[in-house]
Structure formats: C-alpha cells, structure tokens
There are 2 protein chains.
Amino acid sequence: MAMSESGVYELIYWPGIPGRGEFVRLALEDAGVPYLEVCRRSESEGGGVAAIERLLDGAGPGMLPFAPPILRWNELVICQTANILQWLAPRLGLIADDEATRLAANQLQLTIADFVAEAHDVHHPIAASLYYEDQKPEAKRRAIPFTGERMPRFLGYFERVLARAGGPPHAVGSGFSYVDLSLFQLVAGLDYAFPNTLAGLRPELPLLTRLHQAVAARPRIAAYLASPRRLPFNKHGVFRHYPELDEK
Amino acid sequence: MAMSESGVYELIYWPGIPGRGEFVRLALEDAGVPYLEVCRRSESEGGGVAAIERLLDGAGPGMLPFAPPILRWNELVICQTANILQWLAPRLGLIADDEATRLAANQLQLTIADFVAEAHDVHHPIAASLYYEDQKPEAKRRAIPFTGERMPRFLGYFERVLARAGGPPHAVGSGFSYVDLSLFQLVAGLDYAFPNTLAGLRPELPLLTRLHQAVAARPRIAAYLASPRRLPFNKHGVFRHYPELDEK
C-alpha cells in the first residue's frame, strides 16, 4: 500500500481516558499526520460514545470490532492495538522495511499489550464490570505479586531487549520505531499508577529510563504532551493510581 | 518469502500441556508439514524445558523471547502466538493473500488471545506464580462474571463474526483459515474447562458449533486428534476444569 494513498485517519476510542488508544495516538502524533478523534466530537457531528456503539453494532465495513481502539481509513476498519500499529507504522515511517524487524516489533508490542492487561487487572482482578471499590481486597492481594514479581520481570525483559539492541536505546533494529513510543507510554503509565514500585526498580532500568526521556524530548511528542490533546491519566483508564496497591 | 525456502519448523513449548502452543501446532498439523517438538526430546538431544530456558536466557538469534510458544525456522526466532501464526499461515496456505483478510484474521486472533488470557485468570486471578489452591475464593468469585458475562460476550461476538461472513462457517474471507483452527481450539478448551456454561450457551452458538465440528472432521486434524501428539487438556494448562468454577 503506497504512502501516497489519500484518506484521513480516524481514531475511535473512549473519550476521557488515554487507555489503549494512546498507543495509536502517539504514533500519529509523532508522525505529525492529521487525524480525527471521532469520539471527541459531539454526537450531532457523529461523535461521542455513540460512534463506538454504532461500530460495535456492526454498522461499519470490514471485520466486526470487539472493542476500541478502532482505526478507520477509507473502507478499512482495523481493531486491536498491535494490529492497528502494525498496519500504521510503515505508512508513518515508524518501522524499518524488513521482515525480521517487523516480526520483532510486533512481538514486543504484543508483550507490552500482555503487560498492560496485567496492570489493568491489578485494580480489576475479579471483573471489569465491577467497580474497584467492589474488589479491593482481591486487588490488594493481586498487587503484591504484580509489583513484586511481574513489574520486575516485564521491565527487566525490556531493559535486556534495549541492551541487546546496542547503541542509543531503541527496541528494534538500529533506529526509532513505534515500539519505542509504546515503551514510553508504558513507563509513563506505570510511573502514574505505581510510582513507588517504579522508583525502586529504576536503578536497574537505565536504558528504559533513557528511552522514556528521549521520546518525551522528541519535538512533536513534546508539543503533544504540552497540548490539551494529551489526556491525563485518571481513575477510569488502564493505568490507575491507588496508593494501597503500590506500597513499598 | 517464498514457500520453497527450506528449513524445518521447530516448535518450542512447555512439554505436557496443550496451552498456547496448541494454536501453532494445529496450523502445522492441518498443513501436514513436518515439524520438530523440541521440548519433547530428551535434554541430551537438546530438548526438555532446558531448551526453553536457553532461549529465554538469550542464547538464540533475533528478538529475545519473553515466553513460549517460540517458533524457530533457520535464523528466525518468532514469539507471541498471534505473531507466529501471522508469519506461518501464508507459508502453510492457511490465509488468503490480501491485506484486508490478513488484518481481519490478526484482529480475530488477538481477540482470541485476550479471551484465552481471561480464561486462564479465572483459575489464577491473583498470581500465575501461586497455586490454584492458594487463590480459590478469588477464583470462585471471578468465575461468576466470567461464565455469566465474558463467555457470552466473547462467544456471541465470534458467532456474529461467522454470521456476517456468510456461507459455511469461516471466520474471515470466503475460505478456511488459521483463525478457524484457533476457534476450534478455543471451543474445545472451553468445553473442557466450562462444560456446563458452554452447554447452556450452545443454543445461541450454532455456527461456532458447526465450525468446531467441521474442523474436527478435517482429515489431517482428525488424524492428529486421534494421535498421541495431541495432548489432553489437564490441570496445568490455560484451560482447566474445576467444577466449582463452572456452576449453573
């Protein structure tokens, strides 16, 4: 698919939370391409949560979505964060053009997705459909192995990946890629949700820390982070801060 | 990458459980290609769990693995089930050769992966590192929304996907694909782990039921299922049967 094909990227995601949509948004922002935040428009303009509901009900072309984020581009409707990024990144110049690098990038993106799902389930170990307040004892119990075992294991893995790549911290290949943007968001989310735990692990994560800083300093990302388009983390998203789940 | 390139497929996965490796195994079996089950060999032949540990320790080429399944083919080492299948399926003739179909297939495969992770966490809601016996009250509590909300939601979604595809039940495009094999395995796993719940949902799932039967009847799959290569589900894998988690 040629880069020159025209069409506006439309991102369909829950308004009000960064969530999994943020991984897609960071790629679009870093590339500096225009995109439409469908759900931030009013319902009378075809936006709001109703836009998601219509797609989940089967109103769009292509494969039925199970959940947002959803990326629409002309007649293509793509779901699942890693799937969207895999399609989008070559068009945005955010991944090299060889098979081994793309396989490695997708592998890492899927491992990030697994980690994000585990981070979510710390505050929702019983059911996503229940409030946190209705599963607090279980959340507190789950937080112990998450902060004590899973965070060190996943973050230590990514640190090793960066070390093996060599040079300035990049996850795959010799250059910058969409996976670096996702690792930035992962570190940002963990720093919001589990600041004590992350602070304790930081001495073991020099490359991940440098990567996070380098991404935040990229001109388009820095401008984006300072803009109202960047939604703050909050207690409705994937990463949530409850001090009782982040004790030392 | 041409189909004619040579090399033996090596599947590296925990011996003794079907687990996530089974989604890869079914594709290889359905295609009738030879493959090596590395960990079922003895350690003196380079097999056993030690083969996994060596790769996790960074002994292989390519991107560092986080967890099995791992597929090795010449110098390529690929991880993450959906990533492996996306690479493997075109080589095995298990996916059509157009972008929209491949995006749709990967989207579905990732949704299956999400569902499988949720099914696992029913018996391990607190930590994968603890025994089921150490998290039984939480598991029992989690089983209620899983069987009552998540199973109907995911399975109902796949049923709608099959209905939209039209014709004999296939998940994507007009023909058989690796996603159909994965849906077969998903139904088989749920039927083992949650037989009461699945029986109650069956009247709403005629296409998924037909797809499961059709896959089981494919000659190479039928031969595989009758062979000792097909490991039975058991209480060490992703899908586990505990009657207390499957009450009506």
Side-chain angles (χ1 to χ4, degrees), chain A residues 1 56 58 61-67 75-84 86-87 99-111 113-115 117-118 121 125-130 135 137-138 141-146 148-150 153-154 157-158 160-161 163-165 171-172, chain B residues 1 56 58 61-67 75-84 86-87 99-111 113-115 117-118 121 125-130 135 137-138 141-146 148-150 153-154 157-158 160-161 163-165 171-172:
Chain A
M1 196 163 287
L56 298 183
M63 179 51 64
L64 191 68
F66 182 75
E75 287 300 296
L76 268 182
V77 175
I78 315 175
C79 299
Q80 282 281 359
T81 311
N83 195 39
I84 294 171
Q86 188 178 229
W87 177 80
E99 183 184 52
T101 302
R102 292 191 180 182
L103 283 167
N106 190 45
Q107 176 182 320
L108 287 174
Q109 193 67 41
L110 291 172
T111 306
D114 288 344
F115 189 16
E118 290 195 23
D121 282 7
I126 301 303
S129 60
L130 292 174
Q135 47 197 316
E138 295 91 345
R141 195 173 171 215
R142 184 173 167 123
I144 296 165
F146 181 77
E149 298 165 19
R150 300 304 280 173
R153 176 145 180 239
F154 274 104
Y157 166 77
F158 291 121
R160 288 172 67 209
V161 165
R164 271 164 67 109
V172 286
Chain B
M1 195 163 286
L56 297 183
M63 179 51 64
L64 192 67
F66 182 75
E75 286 299 297
L76 268 182
V77 175
I78 315 176
C79 300
Q80 283 280 359
T81 310
N83 195 38
I84 294 170
Q86 188 178 230
W87 177 81
E99 184 183 53
T101 302
R102 292 191 181 182
L103 283 167
N106 191 44
Q107 175 181 320
L108 288 175
Q109 192 67 40
L110 291 172
T111 306
D114 288 344
F115 189 18
E118 290 195 23
D121 282 7
I126 301 302
S129 60
L130 293 173
Q135 48 198 315
E138 294 91 347
R141 194 171 171 216
R142 184 174 167 122
I144 296 165
F146 180 78
E149 298 164 19
R150 301 304 280 173
R153 176 145 180 241
F154 274 104
Y157 166 76
F158 291 121
R160 288 173 67 209
V161 166
R164 271 164 67 108
V172 287

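When reading the values below, keep in mind they use all heavy atoms of this one structure, side chains included, and skip hydrogens, waters and symmetry mates. Please read all numbers here as calculations on a predicted model, not as lab measurements. Sequence lines set the chain letters: A, B, ... in the order given, protein chains first and strands last, and positions in each chain run from 1.
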Chain A contact via [X] - side chain, backbone, both or neither, heavy atoms under 4.5 Å:
X	answer
B:L56	backbone
B:A171	backbone
B:L130	side chain
B:Q135	both

Relative to chain A, which of B:R150, B:R141, B:E75 shows the most heavy atom pairs under 4.5 Å?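 Of the candidates given, the most pairs with chain A belong to B:R141.
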Taking every heavy-atom pair that is under 4.5 Å apart, which of B:Q107, B:Q86, B:R142, B:R160 has the most such pairs with chain A?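 Result: the option with the highest number of such pairs is B:Q107.
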Side chain to side chain contact (heavy atoms under 4.5 Å, CB included) evaluation trace for B:L110 with A:T81: CA-CA 9 Å; B:L110 291 172; A:T81 311; over 6 Å; no
Please report the interatomic distance CZ(B:F158) to CG(A:L64), rounded to the nearest 0.5 Å.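 Answer rounded to 0.5 Å: 10.5 Å.
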Taking every non-hydrogen atom, the tightest pair across [X] and [Y]:
X	Y	answer
B:L103	A:N83	O-ND2, 3.0 Å
A:S129	B:E149	OG-OE1, 2.7 Å
A:L76	B:E99	CD1-OE1, 4.2 Å

Toward chain B, the part of A:L108 with a non-hydrogen atom under 4.5 Å: side chain
[Y] backbone acceptor or donor facing [X] side chain under 3.5 Å:
X	Y	value
B:R164	A:M63	no
B:D121	A:P125	no
B:E138	A:P137	no

Of all of A:A143, A:G62, A:P65, which one pairs up most often with chain B through heavy atoms under 4.5 Å apart? A:P65
Between chain B and each of A:V161, A:I144, A:V172, count heavy-atom pairs under 4.5 Å; write down the option with the most. A:V161
Would you please test B:D114 and A:Q80 for side chain to side chain donor-acceptor pair (under 3.5 Å) and show each step? CA-CA 10 Å; B:D114 288 344; A:Q80 282 281 359; 3.1 Å; yes
Mind telling me whether A:F66 and B:F154 have parallel, tilted or perpendicular rings, with 30° and 60° as the class edges? parallel
